Amino acid sequence: MNQHTFKRFEDELNLLKSKTVSMGGLVEKAVRRSMKALMNYDQKRATKVIERDRAINALEVEIDEMTRSLLALRQPAASDLRLVIATIKIVTDLERCGDLAEGIAEYALKVHEHPHAHMDSLEVLSDRVLQQVKSALDAFTYDDVNAALQTIENDKRINKQYKAIERENLTYMLEDPRYISSGMMVAAISKNLERIGDHAVNISEMVIYKVKGHDVRHVDHATAERLVSGELDAE
Amino acid sequence: MKTKKNKLTVRNLKLWYGESEALHGIDLDIVSGKVTSLIGPSGCGKSTFLRCFNRMNDRIPNCRVEGEVLLEGHDIYAPDVDVVQLRSHVGMVFQKPNPFPKSIYENIAYAPRIHGMVDDGDDMDELVETALKRASIWDEVKDKLQQPGTALSGGQQQRLCIARTIAVQPDVILMDEPCSALDPIATAKIEELMDELKEDYTIVIVTHNMQQAARASDYTAYFYLGDLIEYGETQKVFTTPRDQRTEDYITGRFG
Amino acid sequence: MAELMLKSALQSDARKRRRNRADRRFKWYGFTALVLAMAFLVFFFIDIIGKGLPAFQQAEMLVQVSYSEAVKDNYNLALDKISRKLVSRSWLRTIPMMLEDHPELVGTTSEEWVVTDYHIDQFLKGHEGHGLIEKDQKLVEKLCEEGKIKLAFNSGFFTHGDSKMPENAGILASAIGSVLVLLLTMLVAVPIGVMTAIYLEEFAPDNRFTQLIEVNINNLAAIPSILYGLLGLAIFINFMGVPRSSALAGGLTLALMTLPIIIIATRAALRAVPETIREAAYGLGASNLQTVWDHVLPLAKPGILTGAIIGLAQAMGETAPLLIVGMMAYIPEAPHSILEATTVLPAQVYTWSGESIRAFEERTAAGIMVLLAVLLSMNALAVRLRNRSETNW
Ligand SMILES: Nc1ncnc2c1ncn2[C@@H]1O[C@H](COP(=O)(O)OP(=O)(O)OP(=O)(O)O)[C@@H](O)[C@H]1O
Ligand SMILES: [Mg+2]
């Protein structure tokens with residue numbers, strides 16, 4: 001793509017994107033660290049994650065401010081407009097992810113109260129979700145529509161696994177009522193992870209909107225693929 | 001959804017100024033009752049294309065046209081077409097407001113008179129009033145109809161020119177950068193006016209103001225070096241243009 | 001750095017001083033040239049007015065005229081011996097004719113103020129070389145004291161045609177000739193010139209042929225005017241058989257000369273009408289003719305009129321081509337039709353300037369004054385029209 005004739009505008013757009021990417025990086029880190037704190041019963045690490053959430057919130061506010069001024073002063077059009085719109089939405093998703101990671105970190109502070117919790121399956125789930133967040137953010141960074149489509153598709157597996165964990169957890173709790181409080185914790189954490197996965201999907205959908213201009217939020221995967229490849233027109 | 005009716009149909013339109021080809025085979029349908037904007041960098045042929053619709057290019061020596069321009073199915077370049085008649089169906093508003101150096105009344109009454117639409121007298125008074133009201137300038141000029149049209153402000157002059165054009169009751173109104181000399185308020189008034197007028201007229205407007213094309217038009221055509229690059233609903237062209245050149249142009253990436 | 005440059009730029013250096021000197025010198029040259037031109041003009045005006053003003057006065061003498069039957073045969077008998085010598089012979093000669101027309105006057109006497117002989121006129125005005133003999137000088141001085149000879153307004157200058165006797169010579173015939181010639185020039189040159197210009201500017205295709213015509217018209221405006229005389233002689237007199245020296249021949253010849261000027265001026269005026277006005281009219285569906293007639297011409301009119309007036313003013317002052325078509329002759333009678341022999345004002349001035357009698361000199365100057373007055377008022381009219389035309393569109 002050509003350079004913007006107005007250099008400052010170009011710089012501002014680039015800055016907006018890089019800020020969003022670095023916010024994504026912070027969120028990814030927060031998720032990973034909160035899970036690590038949880039698995040290792042590491043309270044110190046958990047506290048750090050909670051503290052760091054403030055930085056994520058501050059970035060959200062900053063990026064929102066930038067998008068507002070871009071809209072008001074530059075009247076972006078076409079791909080520039082789509083970048084700004086996508087950023088507004090992605091930032092909200094990232095902020096939610098940050099909150100969810102903070103929620104996990106808060107459980108990590110109390111996890112020692114549940115020494116018998118069954119958390120192995122959570123680790124598998126969190127690895128998958130982290131992978132999703134990472135590939136969604138990469139798709140955003142490199143305008144990679146195929147990666148975005150793949151991320152959306154992969155979410156089905158996460159949902160499946162989440163259901164499995166839910167069932168497994170339920171059996172533990174039915175078998176032994178002592179597990180009930182730790183089971184509720186696991187349920188909440190897996191719910192958080194699953195929601196983070198959903199946000200990764202939202203981000204991927206925005207990537208597709210940003211790059212192709214198609215809204216694939218409420219269509220099935222096959223239609224989305226055909227839309228993206230240009231086989232199908234939007235109506 | 002109502003089926004779209006095409007007012008003007010352009011097929012493989014080529015135009016030469018002497019030896020140099022200014023339009024390289026344009027195909028385009030202008031939808032009836034809508035505002036269509038033509039955008040593109042300077043010298044890409046927007047004005048040239050616009051002036052094909054009322055054969056204003058006929059006045060330029062060595063200018064040659066090939067291809068078809070159909071007004072409701074009738075070829076306006078057919079040998080038996082009366083250009084004078086054509087221009088009473090396809091009116092034009094120019095970039096620089098150009099009222100005749102005559103009274104406001106006379107500015108409006110002139111064209112209906114030469115076309116024998118009404119006789120001078122009460123009928124003409126009524127027609128003048130209607131046209132001025134239609135162009136939302138009646139309140140500003142009703143007390144000074146006998147004063148020269150050139151004594152009005154730029155924005156008023158341009159609305160007077162629009163009133164003069166609609167007094168002939170054309171089907172199509174062509175506008176070549178009608179707001180380029182006007183302030184935002186006058187511009188807004190004219191855009192508002194176009195919005196009202198499109199109920200009865202098909203409007204084609206050339207503009208360099210991207211926002212204006214976005215705000216005021218239903219369809220947008222992007223021209224580049226004498227070619228029609230992209231044509232579609234304005235909303236689509238401005239959010240998801242199909243062609244990279246359009247994209248670059250409307251986002252402000254000029255080579 | 002930038003500050004330093006600015007500072008040095010503001011300081012006056014040698015180069016700047018040199019430049020200022022050159023400026024001043026140039027201003028001086030211009031001023032001197034202007035003063036020189038003004039001096040010539042003032043000198044010319046003073047000279048002409050000084051010489052010409054006396055011509056508007058004329059010596060008159062109170063005489064006893066006795067109309068008897070004998071006067072019809074010998075007009076000298078109408079006056080006493082002394083008066084007879086002093087009055088203008090041209091007046092004396094008219095008496096028998098007058099008696100023919102008014103037989104009832106026969107047998108009466110009357111006291112009348114009569115134009116004197118030009119020698120007396122010149123003597124009274126104190127001009128050198130008046131040619132009055134010593135004895136008559138005394139007599140005239142005495143009559144002056146008695147109040148029987150005086151200088152009065154010279155109405156004859158405006159009511160008489162040319163004459164060999166200076167005291168009787170006037171500009172009426174040539175003025176009427178000028179008006180006739182000018183009218184003819186206008187009637188022929190203005191419509192043809194304007195129509196040609198409109199055709200070339202608004203209707204003609206832009207091709208080799210029209211370009212050729214254009215170049216030729218521009219060249220025609222520049223050729224010496226005497227050639228138009230030759231052209232007029234060839235076309236109108238020899239070929240078409242228009243009478244020589246007639247107002248028609250002169251008018252047509254001058255029309256030929258004025259045509260390119262009017263065409264060029266009209267085209268300039270048409271071209272000055274903004275293209276946007278034409279576009280506006282065409283855009284509304286006006287035809288070619290309607291556009292030109294309703295919109296372009298009204299805007300160009302002041303310019304066209306200015307051009308026409310300047311062209312006519314030039315024709316008015318022209319002599320050379322008229323020389324060739326025979327209008328530079330001694331023609332004392334005002335013409336009664338455009339086919340009769342006529343002279344024009346500048347030709348009259350020219351004729352007088354060649355006369356040997358000194359008394360014609362002041363009439364020459366007076367003629368020039370009248371001519372200049374007419375030309376200046378025509379030019380003033382043109383300037384007024386041009387100023388009026390500066391409307392904004
Ligand atoms: N009368 C003419 N004679 C020769 N060439 C012309 C004439 N009018 C326009 N052109 C050429 O045709 C091309 C298109 O001109 P046109 O006026 O249609 O451009 P445009 O898109 O309206 O530009 P702008 O936005 O500056 O008004 C240009 O390259 C121009 O040089
Ligand atoms: Mg143009």
Side-chain angles (χ1 to χ4, degrees), chain B residues 18 47 50-51 53-63 82-102 106-117 148-152 157 160-170 173-176 181, chain C residues 197-215 266-306 384-393:
Chain B
S47 302
L50 191 74
R51 293 160 71 94
F53 290 133
N54 64 348
R55 292 184 55 173
M56 264 323 228
N57 290 327
D58 289 14
R59 298 192 53 239
I60 298 170
N62 299 327
C63 176
D82 179 10
V83 180
V84 166
Q85 277 300 313
L86 170 70
R87 290 185 187 144
S88 71
H89 285 287
V90 184
M92 189 154 197
V93 176
F94 297 86
Q95 171 171 11
K96 207 172 142 237
N98 55 353
F100 298 128
K102 300 178 191 246
E106 212 24 56
N107 260 282
I108 308 288
Y110 177 69
R113 187 181 306 133
I114 62 168
H115 292 299
M117 287 166 58
T150 40
L152 296 170
Q157 286 187 21
L160 177 64
C161 292
I162 294 177
R164 180 175 71 182
T165 305
I166 55 188
V168 193
Q169 289 160 16
I173 301 177
L174 309 174
M175 302 187 182
D176 195 348
Chain C
I198 291 175
Y199 174 76
L200 284 176
E201 201 55 38
E202 306 285 339
F203 295 98
D206 188 22
N207 57 26
R208 276 279 161 75
F209 182 65
T210 45
Q211 277 165 12
L212 193 76
I213 289 183
E214 201 174 326
V215 170
T266 304
R267 293 189 70 181
L270 290 174
R271 232 172 288 159
V273 175
E275 187 61 20
T276 55
I277 294 295
R278 291 189 187 85
E279 286 193 326
Y282 285 122
L284 288 171
S287 68
N288 258 351
L289 186 65
Q290 282 166 336
T291 303
V292 171
W293 197 255
D294 297 342
H295 300 293
V296 178
L297 269 189
L299 287 178
K301 202 162 68 188
I304 295 174
L305 283 181
T306 309
R384 249 191 70 116
L385 280 171
R386 182 160 53 216
N387 289 347
R388 261 242 312 266
S389 74
E390 276 164 11
T391 49
N392 56 327
W393 36 59

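Note that the structure is a prediction, hence the values are computed from the model and not measured.
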Undergrad: Distance check, rounded to the nearest 0.5 Å: B:Phe94 atom CZ versus C:Glu275 atom CD?
TA: 9.5 Å
Undergrad: Between B:Arg51 and C:Glu279, does the salt bridge (charged side-chain N to carboxylate O under 4.0 Å, His left out) criterion hold? Intermediate values first, please.
TA: CA-CA 11 Å; B:Arg51 293 160 71 94; C:Glu279 286 193 326; 3.1 Å; yes
Undergrad: What distance do C:Thr276 atom OG1 and B:Gln95 atom CD have between them, rounded to the nearest 0.5 Å?
TA: 11.0 Å
Undergrad: Take atom NZ of C:Lys301 as the centre, draw a 6.0 Å sphere, and report whether it contains more than 12 heavy atoms from other residues, nucleotides or ligands.
TA: no
Undergrad: Can you find a heavy atom in the side chain of C:Ile277 that is under 4.5 Å from one in the side chain of B:Pro101?
TA: yes
Undergrad: Can you tell which part of C:Asp294 gets under 4.5 Å to a heavy atom of chain B, answering side chain, backbone, both or neither?
TA: both
Undergrad: Can you tell me which of B:Arg55, B:Met92, B:Met56 forms the most heavy-atom pairs within a distance under 4.5 Å of chain C?
TA: B:Met56
Undergrad: Quick one: closest heavy-atom pair of C:Ala280 and B:Arg164, and the distance?
TA: CB-NH2, 3.4 Å
Undergrad: Got a sec, which residues hit side-chain contact (heavy atoms from CB on, under 4.5 Å) with C:Glu202, two or more places apart in sequence or on another chain?
TA: C:Ile198, C:Leu270, C:Arg278, C:Val292, C:Val296
Undergrad: Search all heavy atoms of B:Ile114 against all heavy atoms of C:Gln290 and return the closest pair with its distance.
TA: CB-NE2, 3.6 Å
Undergrad: Can you say whether B:Val90 sits under 4.5 Å from chain C via the side chain, the backbone, both, or neither, judging by heavy atoms?
TA: backbone
Undergrad: Holding to side-chain contact (heavy atoms from CB on, under 4.5 Å), I want the full list of residues that pass it with C:Ala281, two or more places apart in sequence or in another chain.
TA: B:Phe100, C:Ala286, C:Thr291, C:His295
